[in-house]
Each structure stands twice: as structure tokens, then as C-alpha cells.
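What follows is a short report on a single structure.
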Amino acid sequence: MTNEDLGDTPAANPAAPQHDLTSLVVPLLKSVLYRDEDAQAWAALLKLQARVRDYVAVLALDLVLDEAEGYAFLRSRSTPDEDAPKLPRLVARRPLSFQVSLLLALLRKKLAEFDASGGDTRLILSRDAVVELVRVFLPTGSNESRLMDQVETHLNKIIDLGFVRRLKPQASPAGRAAQEPVYEVRRILKAFVDAQWLAEFDQRLAAYQAQLAAPEAEGADYD
């Protein structure tokens, strides 16, 4: 009598995807892998991460994996081997406008304050709350409608980059029928705007306020 006859071996689930190096690396080359969006791929990555690291190292890439926060992505090596031939960038460097860079910085600071409060693990902000973050850096009497449009435009860019996720709208206060857009600040933002950068945030904000009066300029890079 075999183990199968005794029922000791669980039946395989034919619907469950089987992950190998290719099925993990290709999606990582395209975007971020989140634990809460694909639990099976995440489990496979944890199991195969050493092989994935060796595989992408040939392409001058590093695997950044944060088990606590639940995300993983590929990053170009900042200090490639000097003896290795120069390779084209596989992870594109995306220049950001000054306004988008400022909003990213403000969201990162808000995330740090949120974490320090010891509350929920998800930072969710309404559109109005995001507008208030930016308003302090704008001249008094700025056009409200134009400000809303600008914030939504910058948020859409940040959503495309994967740092913010749009959620289902929430009912507005006072029982109004209109619903206000809400957004989740994704924790991967911590990997791109680090604690050392935040330590200099106040000094950077002074420069930002001076630059806000100037035309839109190039800001930080998303790598």
C-alpha cells in the first residue's frame, strides 16, 4: 500500500501556477511585486530568491526584497563592476518634474509620521488631504480649482510609478452624494526616499519653497 493509498499525500492543485525563474524575473523587470497582490508569486520568490539574485546579477541588476513591508523590485547597480563591459540600462531612469518630486517628498514625510504614530499599517489619504499637504507651499489665494487639477495630475503620475494606489471613493462629509477620491500611499516609497534623505527634509523644503516661484524644472529621478 502506498502513501497515496493512505491519503498522506495531498492532491496537487492543477489550477495553482507553477513559478520558475522566468515567471518571476520577467514580471519583476516590468514592475514591482507585492505580497498582497500575488501571494503565490511572493511565496515562490522567497523560496527562489537566491537564484533570482544570481540570475539578475548577470544583467547588472540587484533584487530589492523587503519581507516586512511585502514588496520586491529590481534596481540597477549603482556601482557596477569596473572590469565588466558597459550594458544598456534595463530599468529605465525616469526624470520627474519638480512638483511631482515635491509631492513624493511630502507623501514620504507623511508616511514617516504615520509609522511613528503606531497606528494602522496602511496610510490612506483623501484628495483633499493631499491638497492640504501641498497648499502650504503655494502662494496665498491660489486658484482652488486649478490646484485640485494639478494635484490630481501629479497623483496620476505617481500612481503610474507605483508609489500610490487609487482606492474606491468614499462618501463626502455631511451626507453629500459626491464621493471624494482616496489614495493609499504604498510602502515601497520608503525604498526610494530613505531615512537619510528625510533627515535633510527641512533644508530641502526651504529650497523647494524658493523654487516654487520658478517655472517647472527637473527634479529627482525614479530608478
Side-chain angles (χ1 to χ4, degrees), residues 24-46 49 52 56 61-76 78 90-134 148 150-170 179-199 201 204-205 208 219-223:
L24 290 173
V25 171
V26 171
L28 283 169
L29 286 169
K30 295 180 179 180
S31 63
V32 180
L33 173 62
Y34 291 101
R35 176 178 55 206
D36 59 354
E37 291 184 355
D38 193 337
Q40 291 178 330
W42 179 261
L45 179 60
L46 293 182
Q49 64 172 295
V52 171
V56 301
L61 299 173
D62 288 323
L63 172 66
V64 179
L65 189 153
D66 192 317
E67 290 191 51
E69 302 288 8
Y71 61 75
F73 62 94
L74 299 179
R75 170 179 281 170
S76 297
S78 55
L90 290 176
V91 179
R93 183 181 294 273
R94 307 176 189 179
L96 304 180
S97 70
F98 164 70
Q99 283 83 355
V100 171
S101 298
L102 172 61
L103 184 52
L104 280 171
L106 293 171
L107 291 174
R108 177 62 179 90
K109 183 173 176 64
K110 188 70 174 178
L111 184 60
E113 294 170 350
F114 178 78
D115 287 345
S117 70
D120 196 358
T121 58
R122 298 175 66 197
L123 173 57
I124 298 175
L125 300 173
S126 67
R127 181 188 58 191
D128 286 350
V130 177
V131 169
E132 290 305 313
L133 291 177
V134 177
M148 287 284 191
Q150 287 178 337
V151 167
E152 286 197 352
T153 297
H154 301 330
L155 276 171
N156 286 336
K157 175 64 176 178
I158 294 173
I159 289 170
D160 290 341
L161 294 173
F163 295 130
V164 168
R165 175 167 56 183
R166 185 183 286 105
L167 304 178
K168 292 182 179 180
Q170 294 180 345
Q179 292 185 320
E180 182 182 1
V182 289
Y183 306 89
E184 178 184 356
V185 181
R186 312 211 71 170
R187 307 193 69 80
I188 192 174
L189 181 56
K190 295 173 66 175
F192 289 86
V193 182
D194 59 21
Q196 180 178 353
W197 192 97
L198 277 183
F201 188 73
R204 291 176 184 268
L205 286 186
Y208 284 166
D221 283 340
Y222 167 65
D223 201 0

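Numbers for residues simply follow the sequence, beginning at 1.
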OH on Y183 to CD1 on I124, rounded to 0.5 Å: 13.0 Å
Salt bridge (Lys or Arg N to Asp or Glu O under 4.0 Å) against R165, all qualifying residues, sequence neighbours excluded: D36, E37, E184
Can you list everything that forms a side-chain contact (heavy atoms from CB on, under 4.5 Å) with A129? Sequence neighbours excluded, please. L125, S126
N156: side-chain hydrogen bond (donor to acceptor under 3.5 Å, both in side chains) partners, not counting sequence neighbours: R166
Which atom pair, heavy atoms only, marks the closest approach of A72 to L28? O-CD2, 3.7 Å
Are any non-hydrogen side-chain atoms of V185 and K110 less than 4.5 angstrom apart? no
Sequence neighbours excluded, the answer for salt bridge (Lys or Arg N to Asp or Glu O under 4.0 Å) partners of R127 is E152
For the residue pair R186 and Y71, would you count it as a cation-pi contact if the rule is NZ or CZ under 6.0 angstrom from the ring centre and within 45 degrees of the ring axis? no
Tightest non-hydrogen contact, residues V134 and V151, listed as CG2-CG2, 4.5 Å
Pairing residues for R35 by the side-chain contact (heavy atoms from CB on, under 4.5 Å) criterion, not counting sequence neighbours: W42
Kindly write out the residues that satisfy side-chain contact (heavy atoms from CB on, under 4.5 Å) with Q49, not counting sequence neighbours, or none if the list is empty. L46, R53, L63, L65, E67
Quick one: list whatever passes side-chain contact (heavy atoms from CB on, under 4.5 Å) with A44, sequence neighbours left out. H19, L24
Atom pair CG (D115) and CZ (R187), whose distance is rounded to the nearest 0.5 Å: 4.0 Å
Step by step, would you call F163 with L107 a side-chain contact (heavy atoms from CB on, under 4.5 Å)? CA-CA 9 Å; F163 295 130; L107 291 174; over 6 Å; no
From CZ (F114) to CZ (R122), nearest 0.5 Å: 9.5 Å
Heavy-atom pair with the smallest gap, counting every atom of I188 and F73: CD1-CD2, 3.6 Å
Find out whether the Lys NZ or Arg CZ of R75 is both under 6.0 angstrom from the six-membered ring centre of F192 and within 45° of the ring's axis. yes
Evaluate the side-chain proximity of L189 to I158: yes if any heavy-atom separation is below 4.5 Å, no if none is. no
Output all residues satisfying salt bridge (Lys or Arg N to Asp or Glu O under 4.0 Å) with E132, sequence neighbours left out; order by chain, then residue number. R135
Give a yes or no on whether a salt bridge exists between K190 and D66, defined as a side-chain N under 4.0 angstrom from a carboxylate O. no
Approximate separation, where rounding is to 0.5 Å, of L106 CG and S101 OG: 11.0 Å
Going by heavy atoms in the side chains, are L61 and L29 under 4.5 Å from each other? yes
